[in-house]
Amino acid sequence: MAKGISKRQRFWTLFQHLFEKPLIGAVRSQPLLRRVAGLHAWMCYPRPMDVRLQKGEVGGVPGRWCDLGTPAVTPDSKKVLLWLHGGAFTVGGVGSHGAWAATVAAAGGARAFLADYRLAPEHPFPAAPDDAEAVYRGLLAEGYQPSDIAIAGDSAGGALAFALLARIRAAGLPDPAAMMAVSPWFDLSLSGESVRTNKRSEAMVPESWLRRTAQLYAGGQSLDNPAVSPLFAEWDRPPPPTMLLTGEDELLRDDTERMANILSAAGGQVEVLRQAGAGHIWPVRMHLTPEASYANNQMAAFLRRAFWPEAFQLHLAEER
């Protein structure tokens, strides 16, 4: 493991290697894994005392409004972070992601809507991206301005976030203010070089599980179909400001690197945070490790710059 990594991060990375990765690989039933993952999240993922997770529905899709304390919005100025959770399209939800989404959104001056999109294998492609698009259209219908909406996702949710962006553009809808993805799974065909080079250093997700769940989600579609794997979509014009985060040792590292290059070549402003010695979606640990805290602080700062670009530019001018 790289030098300079905190002892707490080393502990959680080792915990992933010894417990999470074998567990994910051993449980073949996705419904059973959902129950196990929910219990694991309750035991191992932090939840601030003032987190508020309120049931809601946007665009006909159920979900949770996620806040810390009083919602960080006013009637005249409301910002929302649409969060699409990870879990290889088959597991995950408010138990594993609600507090994390609330923490990042609140620090970024917004509240989060965590979409409870339909999961495979019961609901294969295109159910999940259909739900994601319905939520985005629903937010617009409820009066949110595109400049008040940011879209985020982690792991498989990162794929859904950028698949949603491709759909937004195909439908002629306005772009959101910003895009974020943590440890994104942009290429379900797993063609990145890091799938081979980081197979042993990957702390959380077994390659075999990713290959199995990719087939469950795709529902007979080719895994390099751009609608399934947004890495292969046509990014021929600049995306909204984008932040991508990846662990240097994780299996999916090259999904971030390749997408960053593609979006930058299209004229996009792309920030990439690379963390040595950290496992898949390490920021979910929040205050438990300095590395997670730093990543979440950077995500919140990115949101503030995207939501209030004029204030950021004024701040830069005052510093000169």
Side-chain angles (χ1 to χ4, degrees), residues 11-58 61-68 81-105 112-124 127-128 131-132 135 152-161 182-185 202-206 208-210 212-214 216-217 250 279-289 292 296:
F11 168 80
W12 284 111
T13 300
L14 180 62
F15 177 83
Q16 287 183 301
H17 268 293
L18 296 180
F19 179 74
E20 291 183 350
K21 190 174 183 179
L23 178 65
I24 291 171
V27 180
R28 302 286 298 184
S29 166
Q30 295 309 121
L32 176 58
L33 185 58
R34 287 172 202 158
R35 293 193 291 271
V36 173
L39 177 62
H40 170 262
W42 179 77
M43 295 174 59
C44 298
Y45 290 175
R47 178 170 175 168
M49 293 295 293
D50 58 346
V51 69
R52 298 170 67 245
L53 305 173
Q54 181 181 358
K55 289 184 179 180
E57 183 177 290
V58 177
V61 178
R64 297 292 183 101
W65 287 103
C66 307
D67 302 289
L68 287 184
L81 176 63
L82 168 55
W83 194 295
L84 301 166
H85 67 79
F89 307 101
T90 63
V91 301
V94 65
S96 54
H97 288 73
W100 182 23
T103 299
V104 173
F113 184 76
L114 184 72
D116 188 16
Y117 62 84
R118 288 169 290 172
L119 299 175
E122 297 90 341
H123 304 283
D131 287 351
V135 173
D154 63 284
S155 194
L160 287 177
V182 183
S183 299
W185 188 12
E202 166 60 53
M204 182 179 181
V205 289
S208 59
W209 184 62
L210 292 179
R212 185 167 72 251
T213 54
L216 293 175
Y217 168 68
E250 68 173 298
H280 192 63
I281 64 164
W282 79 96
V284 74
R285 306 290 180 187
M286 292 190 282
H287 64 273
L288 295 183
T289 77
N296 289 320

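The chain is numbered in sequence order, starting from 1.
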For [X] and [Y], work out which heavy atoms get closest and say how close.
X: Gly87; Y: Ala156; result: N-CB, 4.4 Å
X: Phe113; Y: Gly56; result: CE1-C, 4.2 Å
X: Ser155; Y: Gly86; result: CB-CA, 4.2 Å
X: Pro121; Y: Pro124; result: O-CD, 3.6 Å
X: Ala102; Y: Ala112; result: N-CB, 4.5 Å
X: Leu114; Y: Cys66; result: CB-SG, 3.9 Å

Under 4.5 Å between any side-chain heavy atoms of [X] and [Y], yes or no?
X: Trp83; Y: Arg64; answer: no
X: Asp154; Y: Val284; answer: no
X: His40; Y: Tyr45; answer: yes
X: Pro48; Y: His287; answer: no
X: Phe11; Y: Thr289; answer: no
X: Arg212; Y: Arg28; answer: yes
X: Val36; Y: Leu23; answer: yes
X: Trp209; Y: Thr90; answer: yes

Original post:
Tyr117 and His85: aromatic ring centres closer than 6.0 Å?
Top reply: yes
When rounded to the nearest 0.5 angstrom, what is the spacing between [atom1] in [X] and [atom2] in [Y]?
X: Glu202; Y: Thr13; atom1: CD; atom2: OG1; answer: 10.0 Å
X: Ile24; Y: His280; atom1: CD1; atom2: NE2; answer: 8.5 Å
X: Tyr217; Y: Leu160; atom1: OH; atom2: CG; answer: 5.0 Å
X: Glu250; Y: Met204; atom1: CD; atom2: CE; answer: 10.0 Å
X: Glu57; Y: Asp116; atom1: CD; atom2: CG; answer: 11.0 Å

Ignoring hydrogens and geometry, is there a side-chain-to-backbone donor-acceptor pair from [X] to [Y] under 3.5 Å?
X: Ser96; Y: Gly92; value: no
X: Gln16; Y: Leu18; value: no
X: Asp131; Y: Arg118; value: yes

Original post:
For the side-chain contact (heavy atoms from CB on, under 4.5 Å) test, which of Leu39, Leu119, Val27 pairs with Arg34?
Top reply: Leu119
Original post:
Should the pair Phe89 and Trp185 be assigned to parallel (<30°), tilted (30 to 60°) or perpendicular (>60°) ring geometry?
Top reply: tilted
Original post:
Using 30° and 60° as the class limits, which term best fits the ring planes of Phe19 and Phe15: parallel, tilted or perpendicular?
Top reply: tilted
